[in-house]
2 protein chains.
Amino acid sequence: MSVQQPQTQSLSAQLLRGNLFAEQCPSREVLKHVTSRWGVLVLVALLGGTLRFSDLRRKVSGVSEKMLAQTLQWLEGDGFVLRKSYPVVPPHVEYSLTPLGQDVGVRVQELADWIEHHLPSILQAREEMNRTDITK
Amino acid sequence: MSVQQPQTQSLSAQLLRGNLFAEQCPSREVLKHVTSRWGVLVLVALLGGTLRFSDLRRKVSGVSEKMLAQTLQWLEGDGFVLRKSYPVVPPHVEYSLTPLGQDVGVRVQELADWIEHHLPSILQAREEMNRTDITK
DNA sequence: CATGATACTAACCTTTAGGTGCGTACTTAC
DNA sequence: GTAAGTACGCACCTAAAGGTTAGTATCATG
């Protein structure tokens, strides 16, 4: 482990490339949006196609309007979600994934699917832990 | 979209199978551990092999001892991390991934890698958003 | 003989994610 | 005529994530 960085691997270059292990790397923020409690659900939901605000609210059960709005704004800001609003009398807004968003969406869904399918194993592991809880 | 569930798809059965879109589904908690700020980093770090506590602390820059300990306990509780402690005079504890943990770890790493590699596109999308910020 | 490393825990404090209304401008349904 | 739906913004509040500091027992190093 060298203290001095060879080849002038500057901080900025490191950050542009994205390095999760480095503090203050912007990718950590993106990751936070994507892996946020509702970010995951929204991305997966939108993989199924365009949805309106209240459709999303119904599909992602348990989310509050405030959090849904904020999550959508995060994801829009990162270029993952496309917001299309029609200036009609009862508000009408459609949300969909950009190509970039579909890309992340797929990875996120794979992770989510894995967890869903392996839930039994996980819960079982948890119980075994408790039984073997000699802890000493 | 039927309101009535056919075949008595009971709530418990639904939950055992894992359904992220359902509130109170245990998988949401597992997801929270895995996608927590430090959970991601720890899983990816341990994919590289067994590490001791302070190795992890150094590798995952920015994490506090408290959070690292807590994250490791979450992941151990879910059966992803194996903790092996040697009762010697200066404490010696080794952390590694269980087979289950390596499985999730891979998915998480794929997501992390994707973000790292696409950071430039994301940051660019962000700037374009700001320039096109007619907002109207 | 005073640090420092090790792997934590307990206590305390701050920050932020997230929740709960309330309001809106207009329409459709009851 | 009143209630509900639409897509939020605003203000206020709670809970949980996260940080900071101190302490522990023992050994190796300076």
Side-chain angles (χ1 to χ4, degrees), chain A residues 1 20 23-24 28-43 45-46 50-78 81-96 133 135-136, chain B residues 1 20 23-24 28-43 45-46 50-78 81-96 133 135-136:
Chain A
M1 302 220 187
L20 258 312
E23 226 175 325
Q24 15 77 317
R28 283 210 184 166
E29 206 168 320
V30 177
L31 189 72
K32 211 196 302 187
H33 299 159
V34 168
T35 65
S36 71
R37 176 161 183 200
W38 307 117
V40 177
L41 283 300
V42 167
L43 284 172
L46 287 181
T50 299
L51 287 176
R52 298 183 57 177
F53 187 85
S54 44
D55 293 333
L56 272 169
R57 181 153 164 49
R58 274 184 289 270
K59 182 152 192 177
V60 180
S61 79
V63 70
S64 67
E65 297 194 350
K66 175 193 165 183
M67 273 301 112
L68 181 54
Q70 173 152 15
T71 302
L72 284 168
Q73 283 165 13
W74 284 339
L75 296 178
E76 194 194 355
D78 292 337
V81 161
L82 186 70
R83 182 195 129 104
K84 218 174 183 177
S85 86
Y86 302 86
V88 292
V89 152
H92 185 108
V93 182
E94 291 179 350
Y95 290 96
S96 55
D133 202 346
T135 304
K136 192 188 51 163
Chain B
M1 303 218 188
L20 258 312
E23 227 174 324
Q24 15 77 316
R28 282 207 184 169
E29 205 167 322
V30 177
L31 188 73
K32 210 198 300 188
H33 299 159
V34 169
T35 64
S36 71
R37 178 163 181 198
W38 306 116
V40 178
L41 283 299
V42 167
L43 285 173
L46 287 181
T50 300
L51 286 176
R52 298 182 59 177
F53 187 85
S54 45
D55 291 333
L56 272 168
R57 183 154 164 47
R58 273 184 289 270
K59 183 152 189 177
V60 180
S61 78
V63 70
S64 68
E65 296 194 351
K66 174 191 166 183
M67 275 300 112
L68 180 55
Q70 174 153 15
T71 302
L72 284 168
Q73 283 166 11
W74 283 340
L75 296 178
E76 194 194 354
D78 292 337
V81 161
L82 185 71
R83 182 195 129 104
K84 217 173 186 178
S85 85
Y86 302 86
V88 292
V89 153
H92 185 108
V93 182
E94 291 179 351
Y95 291 96
S96 56
D133 201 345
T135 304
K136 189 191 52 164

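Just so it is clear: chains get the letters A, B, ... in the order the sequence lines come, proteins before strands, and each one is counted from 1.
- Atom CZ of A:R83 is separated from atom C1' of D:dA7 by 8 Å (rounded to the nearest Å).
- The CD atom of A:E76 sits 15 Å away from the P atom of D:dA7 (whole-angstrom rounding).
- Backbone-only contact: B:G62 has heavy atoms under 4.0 Å from sugar-phosphate atoms and none from a base.
- Each of A:T50, A:V42, A:L43 was compared with A:L46 under the side-chain contact (heavy atoms from CB on, under 4.5 Å) criterion, and only A:V42 meets it.
- Using the six-membered ring where Trp is involved, A:F53 and A:Y95 have ring planes that are tilted, between 30° and 60° apart.
- For the pair A:L51 CG and D:dT6 C1', the computed distance is 15 Å after rounding to whole Å.
- For the pair A:S36 and B:H92, nearest-nucleotide mapping onto DNA chain C gives the more 5' position to B:H92.
- In this structure, A:E94 atom CD and D:dA7 atom P are separated by 9 Å, rounded to whole Å.
- A salt bridge links B:R58 with B:D55: at least one charged nitrogen is closer than 4.0 Å to a carboxylate oxygen.
- Atom CZ of A:R37 is separated from atom P of D:dA15 by 14 Å (rounded to the nearest Å).
- Checking the phosphate oxygens (OP1, OP2) of D:dG18, no side-chain nitrogen or oxygen of B:S64 falls inside 4.0 Å.
- Contact of the A:R52 side chain with the A:V93 side chain is not registered, since no non-hydrogen atoms from C-beta on lie closer than 4.5 Å.
- For A:R58 and D:dA4, the CZ to P distance is 15 Å, given to the nearest whole Å.
- Under the 4.5 Å side-chain criterion, counting only non-hydrogen atoms from C-beta, B:R37 is not in contact with A:K32.
- Straight-line distance from the NZ atom of B:K66 to the C1' atom of D:dG23: 16 Å, rounded to whole Å.
- Within the nucleic acid shown, A:Y86 has no heavy atom closer than 4.0 Å to any nucleic acid atom.
- With a cutoff of under 4.0 Å to any heavy atom of chain A, the contacted region of DNA chain C is bounded 5' to 3' by C:dG18 to C:dT27.
- OP1 or OP2 of D:dA7 lies within a sub-4.0 Å distance of a side-chain N or O belonging to A:R52.
- Comparing A:P91 and A:Q70 by the nucleotide of DNA chain C whose heavy atom lies nearest to each, the residue mapping closer to the 5' end is A:Q70.
- In this structure, B:M67 places its CE atom 12 Å from C1' of D:dT20, rounding to the nearest Å.
- A donor-acceptor pair under 3.5 Å is formed between the side chain of B:S64 and the backbone N or O of B:M67.
- Residues A:P90 and A:E65 each lie close to DNA chain D; by heavy-atom proximity, the contact nearer the 5' end of the strand is made by A:P90.
- With contacts defined as side-chain heavy-atom distances shorter than 4.5 Å, the pair B:L20/B:L31 qualifies.
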